[in-house]
Amino acid sequence: MDSDRLNNENRINLIRRIKLAVIILITFLIQNTAGLFPHPWGIPAMLLVPVIVCTGMFEREIPGMIFGLFAGILLDAFSAESLCFHSVALTLTGFLSGILITRLLRNNLNTSILLSIISLLVYNSAYFVFCIWKSAGASALNVYTGKYLTSAAYTALFIPVIYLIIRTVSGRKK
Amino acid sequence: MSRFFKTKAVKMLGIIIAALLLGAVIASVAHSGNSPLSTAVITVTRPLQQLSTSLSNYLDGFCDYFRSAEALKGENAELKQKIADYQGELADYENVKRTLSVYEEFLGVKEEHPDYQFCSAEVLSRNTNSVYSSIILNKGESSGVKVNDPVIYGKNLVGTVESVTPFSCTVTTISNPKFSAAVYETRSNEIGFVTGFDDGVKTNICKMPGLKKDSGVAEGGVICTLGIGGNLPKDLIVGTVSEIGKSKQDISYFAQIESNIDIDDIKSAFIITDFDGRGINEAGQ
């Protein structure tokens, strides 16, 4: 009886995680295919960052880390500037979101907005420092404020929708 | 605190990050520009990327259709249908015309330079994470593509291959500050180099820095590759000088060069996989 229940739980977990992986894959395609998602004034949305934050919040640290790694590898594979920046950064993002919810914070929409905005700012700033700064030269400040900070602000608009989608797929309230 | 660092999650995190960094080191040593993991991922996700690009192109055409239909709201249904039909035919005609002109130009290049070895490639995706322009093409090592291969559209230079996987490659375009090529201006024969602007705002613009005040480079001048360095053949068109500006860093001037093609809009390109003189200077000969 117990083993049946365990098998059933494993099956439900597996299906839920496959759904999350598909969401990450679709988000990656939307984010990285020109013309699929609006880029107002050429500003891209980094949708995968809030997706990983919300996934980490609902799935906790280890699955959050694995999903972050998955998303990061996808981004790194199609990036000319970084070899493993996205993988490392999104793995850490998934891990930290999970561990903060496990140990410190409550899982609700406000927390997801706060964590996602902080993650977006840190992520975009780190990407700029490690991958762009050297090439940007004298225009560094303009590039940072004009592209990376505005990209974080633009992406923040979609956090509530992303949170609700991940919450629905996770089938959890907390 | 020490108990926290001994947890399974933290150990896993450490192992994953160490593995990623090791992959990056391997990629750097191999000079392929891609870690083994990235190569595998590109190979696996390539069909999906192609599918999403096709979807994007379809949606683009779909929206255009409705925009046209709205403009023709006052017309009767029969006329609307006819116009929609004509538009469809016109779009096909424009596509065919554009493709034909590219192939005609390509044929000209091929006839002028029989030593060039080409492979045609479709644009898979564009790197939207970076402010600087780069595109992913659907040809890689399996088609003979190598790092630093030039990519052209007609006679115009698009950029050079930055990294390559078995079935795709990433191209750094001429507007990217990482791109650099020796060039000359066709009227004055003045020699220099081109690179992207630091701010990377426009994808089809680059600059020729380090010009003197009495430089012969002027607006309207055509900039072509010089063919030294062993990576780029001679006489590929980089663009036309659209403006001469004063450098903010020193007393020199720079020429702003506008490519004759809209790099953001291209759907296909040709990769020059070999040409006479390739790699001669690289080997120090």
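In the text below, chain A, chain B and the rest are named by the order of the sequence lines, each starting its count at 1.
Only the side chain of A/I99 comes within less than 4.5 Å of a heavy atom of chain B; its backbone N, CA, C and O stay farther away. The part of A/I66 that comes within reach of chain B is its side chain, from C-beta onward, which places non-hydrogen atoms under 4.5 angstrom from that chain. Neither the backbone nor the side chain of B/T195 comes within contact range of chain A; no heavy atoms are under 4.5 Å apart.
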*Can you check side-chain contact (heavy atoms from CB on, under 4.5 Å) on A/E61 and B/L13, steps first, answer last?*
CA-CA 9 Å; A/E61 58 269 26; B/L13 180 71; over 6 Å; no

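In this structure, CG in A/N32 is found 11.0 Å from CG in B/L124, a value given to the nearest 0.5 Å.
Counting non-hydrogen atoms of other residues, nucleotides and ligands closer than 6.0 Å to CD1 of B/I251 gives a total of 12 or fewer. A 6.0 Å sphere centred on NZ of B/K212 holds no more than 12 heavy atoms belonging to other residues, nucleotides or ligands.
Nearest heavy-atom pair, A/C84 versus B/L20, reported as atom, atom and distance to 0.1 Å: SG-O, 3.9 Å.
Among B/V123, B/V10, B/L21, the residue making the largest number of heavy-atom pairs under 4.5 Å with chain A is B/V10.
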